[in-house]
Amino acid sequence: MTTTPVRPENLVAAVRAVLPSLTPSGRRIAELILHDPAMVAGHTITELSAVSGVSEATIVRTARSLGFAGYPPLRLALAAAAAHTEDGDRLVPGDLGPDDPLSDVITKVTRAETEALSDTGRQLTPEQLAPVVDAIAAARRVDVYGVAASGLVAADMAQKLLRIGIVSHAFSDAHLALTSSALLRTGDVAVAVSTSGETPDVLEPIRRAAAAGAYTVAITNNPRSTLAATAALTLVSAGRETAFRPAALASRISQLLVVDCIFVGVAQRTFETSQPALQNTRDAVDRFVAESRARRRR
C-alpha cells in the first residue's frame with residue numbers, strides 16, 4: 001500500500017499509528033524510531049541492521065509503510081523530526097511505571113493528552129475532511145458505531161449532529177447497529193469509531209452499511225487496520241494507549257477532536273438550518289431547566 005509521506009512533525013504520530021500492523025521485525029524498527037529518532041537518523045541502513053538485528057529489507061519495508069521510497073528519505077525525515085523538537089523526549093512521552101510519583105503521573109498524562117491533540121490536528125487535512133462534511137451535510141440520516149470508550153465518542157457525535165437538525169443515532173450494541181445498518185441506503189452515512197480498527201462489533205455494521213450503499217467513514221488510530229480498509233474514507237486520530245491507560249483519554253480526546261472538526265464543518269455548510277436548530281435546541285433545554293427549578297421552589 002502506498003501512502004503519502006508525512007511531514008517531519010507528523011512522523012512520530014505516523015509511526016505510532018502503523019505500529020500495531022507491523023510484523024515483529026518491523027515493530028522493532030518502529031520502536032527504535034520512537035525511542036531515539038536521532039540515533040536512527042545517525043545510522044546507515046547497514047549500521048541500523050546490525051544494531052537492531054533486523055534485515056535491511058525489513059528496514060526498507062518499514063520505511064515504505066510510512067510513505068517513504070526507502071530508508072534514505074526516512075533517515076532525512078527523522079533527522080528533521082529530531083531537530084524540530086525542542087525537548088528531546090517530546091517524541092516519546094514516557095510510559096507510566098508502577099513506582100512513578102504522582103507528580104510524574106500528572107506531567108506524563110498531561111503531555112500525552114496535549115500531544116494527542118496536536119498530532120491529530122497535524123494529520124487531519126481539509127482534503128480528508130471535506131468529503132465527510134459534504135456527505136453528512138447532505139445525508140438523510142447518519143449512523144455512528146462504537147463500543148466501550150469509542151462508544152462515548154460515537155454518542156457525542158450523534159448528539160452534536162442531532163442538535164443541528166441532522167437525523168443521527170449512535171449504536172454501541174452490535175445487534176442494533178446491524179439492524180440499523182441494514183436499513184441504510186445510498187445518500188446515508190455510516191461512521192465507525194475504533195481505536196484499533198479491529199473491533200468486530202464495529203466492523204460488521206460498517207461492512208453492512210457499505211453493502212447497503214451508504215457512504216462509510218472510519219475514525220481510527222490505525223490507518224492500516226481492517227476498518228480503514230473497509231471504509232470509503234479514514235480520518236486518523238493519534239491518541240496512544242499504554243498498560244496503565246487502556247481506553248486512555250488521549251485516544252478518546254483525539255477522536256473527539258476529529259468529531260468536533262466534522263461537526264463544525266457540517267454546521268458551517270448547513271448554516272441556514274443549523275443555526276436556527278442550535279438556537280431551538282438550546283432554548284428547549286433552557287426552558288426545561290428553568291421550569292424544573294421553578295417547580296422545586298414551590
Side-chain angles (χ1 to χ4, degrees), residues 1 16-22 116 120 123-124 128 131-132 135-136 139-162 166-263 266:
M1 180 177 67
R16 287 185 189 137
V18 303
L19 193 62
S21 60
L22 296 175
T120 300
Q123 291 183 109
L124 192 61
Q128 294 170 326
V132 178
I136 292 177
R140 177 184 69 104
R141 72 185 239 201
V142 179
D143 273 10
V144 194
Y145 313 126
V147 298
S150 293
L152 299 176
V153 177
D156 181 77
M157 182 173 188
Q159 68 88 16
K160 278 184 165 68
L161 294 176
L162 190 61
I166 293 175
V167 177
S168 181
H169 302 283
F171 298 93
S172 58
D173 179 281
H175 289 194
L176 289 176
L178 284 166
T179 300
S180 183
S181 64
L183 299 175
L184 296 180
R185 63 191 190 208
T186 301
D188 295 334
V189 176
V191 181
V193 186
S194 171
T195 298
S196 67
E198 302 295 342
T199 307
D201 299 50
V202 166
L203 286 172
E204 200 53 41
I206 205 72
R207 288 190 186 109
R208 186 65 192 81
Y215 183 79
T216 54
V217 180
I219 299 176
T220 180
N221 280 23
N222 187 356
R224 293 163 61 90
S225 62
T226 304
L227 176 58
T230 303
L233 194 142
T234 297
L235 301 177
V236 180
S237 51
R240 189 169 66 106
E241 299 183 353
T242 66
F244 276 92
R245 295 164 58 244
L249 177 60
S251 296
R252 194 158 65 253
I253 201 170
S254 61
Q255 293 169 345
L256 287 169
L257 173 61
V258 174
V259 166
D260 275 357
C261 289
I262 294 171
F263 168 72
V266 173

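Computed from a predicted model, the values in this text were never measured in an experiment.
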Chemist: Nearest heavy-atom pair of Ala116 and Ala238: which atoms, and what distance?
Modeler: O-CB, 4.0 Å
Chemist: Can you find a pair of side-chain heavy atoms, one from Ile136 and one from Leu161, that are under 4.5 Å apart?
Modeler: yes
Chemist: How long is the gap from CG on Leu162 to CD on Gln159, to the nearest 0.5 Å?
Modeler: 8.0 Å
Chemist: So which atom in Leu227 and which in Ala192 form the shortest heavy-atom distance, rounded to 0.1 Å?
Modeler: CD1-CB, 3.7 Å
Chemist: Heavy atoms only: give me the nearest Pro205-Pro200 pair and the separation to one decimal.
Modeler: CD-O, 4.2 Å
Chemist: Might you point out which heavy atoms bring Leu233 and Pro131 nearest each other, and give the distance in Å?
Modeler: CD1-CG, 3.8 Å
Chemist: Run the side-chain donor-acceptor check on residues 175-184: report pairs under 3.5 Å with partners two or more places apart or on a different chain.
Modeler:
residue, atom, partner, partner atom, Å
Thr179, OG1, His175, O, 2.8
Ser180, OG, Arg141, NH2, 2.5
Ser180, OG, Asp143, OD1, 3.1
Ser180, OG, Asp143, OD2, 2.6
Ser181, OG, Ala177, O, 3.1
Ser181, OG, Leu178, O, 3.0

Chemist: Do Glu198 and Thr226 get their side chains close enough for a donor-acceptor pair, meaning under 3.5 Å?
Modeler: yes
Chemist: Please report the shortest heavy-atom distance between Pro223 and Ala228, naming the atom on each side.
Modeler: O-CB, 3.4 Å
Chemist: Measuring from atom CG of Leu203 to atom OG of Ser225, what distance do you get when rounded to the nearest 0.5 angstrom?
Modeler: 7.5 Å
Chemist: Do Arg252 and Val153 come within less than 4.5 Å of each other through their side chains, counting heavy atoms only?
Modeler: yes
Chemist: What residue among Leu256, Leu124, Thr120 forms side chain to side chain contact (heavy atoms under 4.5 Å, CB included) with Cys261?
Modeler: Leu124
Chemist: Would you mind reporting whether Gln255 and Ser150 have side-chain heavy atoms less than 4.5 Å apart?
Modeler: yes
Chemist: Would you indicate whether the side-chain heavy atoms of Val202 and Val193 approach each other to under 4.5 Å?
Modeler: no
Chemist: To the nearest 0.5 Å, tell me how far Ile206 CD1 sits from Thr230 OG1.
Modeler: 8.5 Å
Chemist: Could you give the distance from OG (Ser237) to CG (Leu257), rounded to the nearest 0.5 Å?
Modeler: 9.5 Å
Chemist: Who passes salt bridge (charged side-chain N to carboxylate O under 4.0 Å, His left out) against Asp260, sequence neighbours left out?
Modeler: Lys160
Chemist: Got a sec, which residues hit side chain to side chain contact (heavy atoms under 4.5 Å, CB included) with Ala232, two or more places apart in sequence or on another chain?
Modeler: Tyr215, Thr216
Chemist: Is there side-chain contact between Leu235 and Ile262, with heavy atoms separated by less than 4.5 Å?
Modeler: yes
Chemist: I'd like to know if the side chain of Thr220 reaches the main chain of Ser194, judged simply by a donor and an acceptor atom lying under 3.5 Å from each other, with no hydrogens or angles considered.
Modeler: yes
Chemist: Which heavy-atom pair separates Arg185 from Arg140 by the least distance, and what is that distance?
Modeler: NH2-CD, 2.9 Å
